[in-house]
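FYI, side chains are in, hydrogens and waters are out, and symmetry mates aren't considered; it's all heavy atoms of this structure. Lettering of chains follows the sequences in order, A, B, ..., and the numbering in each one begins at 1.
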Amino acid sequence: MQVTRFPARAEGMADRMSGFVAHLRGNGVRVGPQETADSLQALAAVDATNPEQARAALCSLLAQDAEDWRRFDDLFDAYWFNAGRQRAGNVSTHVQVQAARPTLWQPHFEPDAGDGNAEAAPEDASPDPGAEDAEGTDGRLIATRTINLNRRDLRELMDEHSLRQAEVAAERIARAIKDRRSRRRKQALRGPALDMRRIQRASLARGGEPMDLFRKAKPPRPMRIVAICDVSGSMTAYARVFLAFLKGLVGSGIQADAYLFHTRLMRVTDALQDHDTLRAAARLSLMAEGFGGGTDITGSLRSFVDGYGAKALNGRTVVVILSDGYCTSSPDDLGDVLALIRRKARRIVWLNPLKGWQDYAPVAAAIRAAEPHLDAHLPANTLQALAALEPEFAKL
Amino acid sequence: MSFESIQKSLAGQGYVAGDRLAMALHLADTLGRPLLLEGPAGVGKTEVAKALAAMKNTQLIRLQCYEGLDASHAIYEWNYQRQLLAIRAGTGEDELFSDKYLLRRPLLEAISADIPPVLLIDEIDRADEEFEAYLLEILSDFQITIPELGTLKATSRPLVILTANGTRDLSDALRRRCLYAFLDYPDRETELAILNARMPGLEAKLARQIVGVVQQIRREDLEKVPGIAEMLDWAAALSGLGLNDMAQDPEMLQATLVCLLKTAADRDAAPRQVLDAMIGKVA
């Protein structure tokens, strides 16, 4: 969690509150100056000297969805109670203005970004590094100093040319499933057919003369893609292609959601949407900490279904799993999890880099457990194989 | 009115509200902002509005959203049949577009009531995005324009409660306009309080057992986790069957589980032994 230190000598309540709103914004809650004013108004309506009342009031005002709601307590404590930590001395005299990006990424940008302006010094804003583990209590990934050192940098794995090619392949696939239309006709401003029901209804107002012509058309029902990519040790060689592939999917204009997993699952859609490729790569390498380790396909998929699944899956979703099926955990439950996804999503496609090999047989236990639930099990070991996927997806 | 007094008077209506929810309702009332409630099915999102209307002794106006909901169903429509009849009877033109021939739908009704009502917009995520945008405009200005009549300003500001189930993601604009509260499954004490508030005549021992079993069942890996509504149904079923102690008739208990477990897979996942163990634990 990114922490703005509580301003000891702020101008007053308004000043402190704007610091708090900035602190929330730095942690990904979508609030602005309007909310600062609203918060002060809300505090006037409750007994603001009672911390619990103030907390509840600000929570209902500033939290915008279930995730904000859950982590609000931590964010609140971190600012108003200094996260339980007291530091003597060097208290800043004004509200720290948050840099747009968390300080822990600064080492990546300072050499190449070239904006030498006064951003908060790293030790100013980050809680003592090393004191927490790699995942913050709020679920947002932060890196401690040790992990910074042995992290794999994915920037080396993304060279310009293959990135472009894999992106093109992904965009083609996206286009293949993009233009789907509903079979039902619904009312529309322009459309090929007349909407007789509405015309008749409206004609009542004109004494039975059909004056207003309404039309109907088949509304687009685009498919969505959820891509879940394995970045464990056995997949290292393919990671370069697949990450670019994911980036292509996410940036292609269709509704796409991307996740990485090894022993844990994390959502990387936002990181991939970053238009600044370098920064995206830096964010990814932070997330892929533990990249190249063991695999827990079942556990990762289950945490996907339990967590993001409710929002990400619907009857128009194609789930794409990119993995070789080598799994250090027991594969027994994999079939059950896939059956569960199967019920919530439209199709499941497994892209397997090993399948492109000559005389490949699905011997890995996980793959054997998974195969009955897949709609397609396709090879994806090279860029060419990825490009050849387009007709397969058009069929889905 | 402080948030404690809201909490107390809601309890008087048989609704047990947590601190956060009571605070959100208090702010919605004082700041005049809509309140967005999210949470799993059956945790009492809709009940909040009902209890609130009963507490304030005012009207509850409910707009159930669905895909394809449009202005003529949500705001107003002219009563064409009556207008036609009036034309035949020779009514003047200026009278045709008057209040007499206007059919008020929930949103218009809510802003033109004399006493501020509670407006419940249920399952807003089922409505289309265009409707959401329209709603946003009404919720910020509290006025509705009818071309033939002009702009109708709100005579009273309704207390607006929106509920959502997560069918689709709501727009940021709507979220920013609203206060927010997330309702989750209650803990043991709260649930017991709810059960006692709703069914005061229930045997204390049975109530404790019911809540204990339901809390255990929620921890199992189920497709449809039973909510508070299901718990109350089950309690009503058990007391209706004249049961005073769960241990006394396991067969009947098994039969009443249809109130809690609503899919075939869930029913298979809860065999006799599991249930017996649960009852053994809470008894």
Side-chain angles (χ1 to χ4, degrees), chain A residues 29-32 34-35 37-47 50 52-70 72-73 184 186-187 189 198 200-208 219 255 302 305-306 309-312 314 333 336-337 339-340 343-344, chain B residues 1-4 18-33 35-40 67-68 70 72 77-84 87-88 96-97 101 125 128 148 164-170 172-184 221 223 263 265:
Chain A
V29 183
R30 281 160 297 190
V31 285
Q34 176 66 50
E35 274 73 15
D38 290 345
S39 319
L40 292 169
Q41 215 183 334
L43 285 187
V46 300
D47 177 12
N50 179 340
E52 282 319 302
Q53 285 203 24
R55 179 197 297 265
L58 289 179
C59 181
S60 68
L61 187 78
L62 297 172
Q64 316 239 326
D65 54 28
E67 205 203 324
D68 293 349
W69 178 268
R70 266 188 280 274
F72 188 85
D73 279 346
R184 252 183 302 174
K186 292 188 74 179
Q187 59 188 56
L189 268 156
R198 284 183 76 208
Q200 280 206 321
R201 176 91 190 136
S203 76
L204 281 176
R206 317 273 187 185
Q255 294 176 342
R302 189 166 290 282
V305 175
D306 291 344
K311 253 188 200 171
N314 66 17
D333 298 334
D336 295 343
V337 183
L340 203 63
R343 223 173 306 144
K344 296 184 173 177
Chain B
M1 199 183 218
S2 77
F3 89 102
E4 284 106 337
D19 286 354
R20 290 280 167 99
L21 176 61
M23 179 58 85
L25 288 169
H26 169 56
L27 284 181
D29 203 15
T30 40
L31 301 184
R33 302 244 309 236
L35 170 64
L36 172 64
L37 294 175
E38 280 191 318
E67 203 177 330
D70 58 8
S72 68
E77 193 172 21
W78 290 106
N79 191 342
Y80 299 128
Q81 287 89 336
R82 281 194 73 182
Q83 282 179 329
L84 284 176
I87 292 171
R88 288 215 185 146
L96 274 181
F97 292 104
Y101 299 98
D125 47 348
D128 306 315
E148 295 88 349
N165 261 337
T167 310
R168 113 187 123 74
D169 229 357
L170 298 173
D172 279 355
L174 185 71
R175 285 186 185 280
R176 285 195 62 182
R177 282 274 332 140
C178 297
L179 298 170
Y180 182 88
F182 186 85
L183 298 185
D184 213 342
D221 188 15
E223 282 178 10
T263 71

> Is it the backbone or the side chain of Arg343(A) that comes under 4.5 Å from a heavy atom of chain B, or both, or neither?
Replying inline: side chain

>> Strictly distance-based, threshold 3.5 Å: is any side-chain N or O of Asp336(A) a donor or acceptor partner for the main-chain N or O of Ala339(A)?
In response: no

> Is a side-chain donor or acceptor of Arg175(B) paired with a backbone partner of Gln64(A) at a separation under 3.5 angstrom?
Replying inline: yes

> Distance-only, no hydrogens or angles: does the Glu38(B) side chain make a donor-acceptor pair with backbone N or O of Ala164(B) under 3.5 Å?
Replying inline: no

> Taking every heavy-atom pair that is under 4.5 Å apart, which of Tyr80(B), Phe182(B), Trp78(B) has the most such pairs with chain A?
Replying inline: Phe182(B)

>> Any side-chain to backbone donor/acceptor pair from Tyr180(B) onto Ala66(A)? Under 3.5 Å, distance only.
In response: yes

> Given the options Asp172(B), Leu84(B), Asp19(B), which has more heavy-atom pairs under 4.5 Å with chain A than any of the others?
Replying inline: Asp172(B)

> Which atoms of Leu31(B) come close to chain A, meaning under 4.5 Å heavy atom to heavy atom: side chain ones, backbone ones, both, or neither?
Replying inline: side chain

> Between Asn79(B) (side chain) and Tyr101(B) (backbone), is there a donor-acceptor pair under 3.5 Å?
Replying inline: no

> Which residue out of Leu340(A), Val46(A), Asp65(A) racks up the most heavy-atom pairs below 4.5 Å with chain B?
Replying inline: Asp65(A)

> Looking at Arg30(A), Gln53(A), Gln41(A), which has the largest count of heavy-atom pairs under 4.5 Å with chain B?
Replying inline: Gln53(A)

>> Shorter than 4.5 Å, heavy atoms on both sides: which option in Glu52(A), Arg70(A), Glu35(A), Gln187(A) has the most such pairs with chain B?
In response: Glu35(A)

> Under a 4.5 Å heavy-atom cutoff, which of Leu61(A), Leu62(A), Asp306(A), Asp47(A) has the most pairs with chain B?
Replying inline: Leu61(A)

> Who passes salt bridge (Lys or Arg N to Asp or Glu O under 4.0 Å) against Asp73(A), sequence neighbours left out?
Replying inline: Arg55(A), Arg20(B)

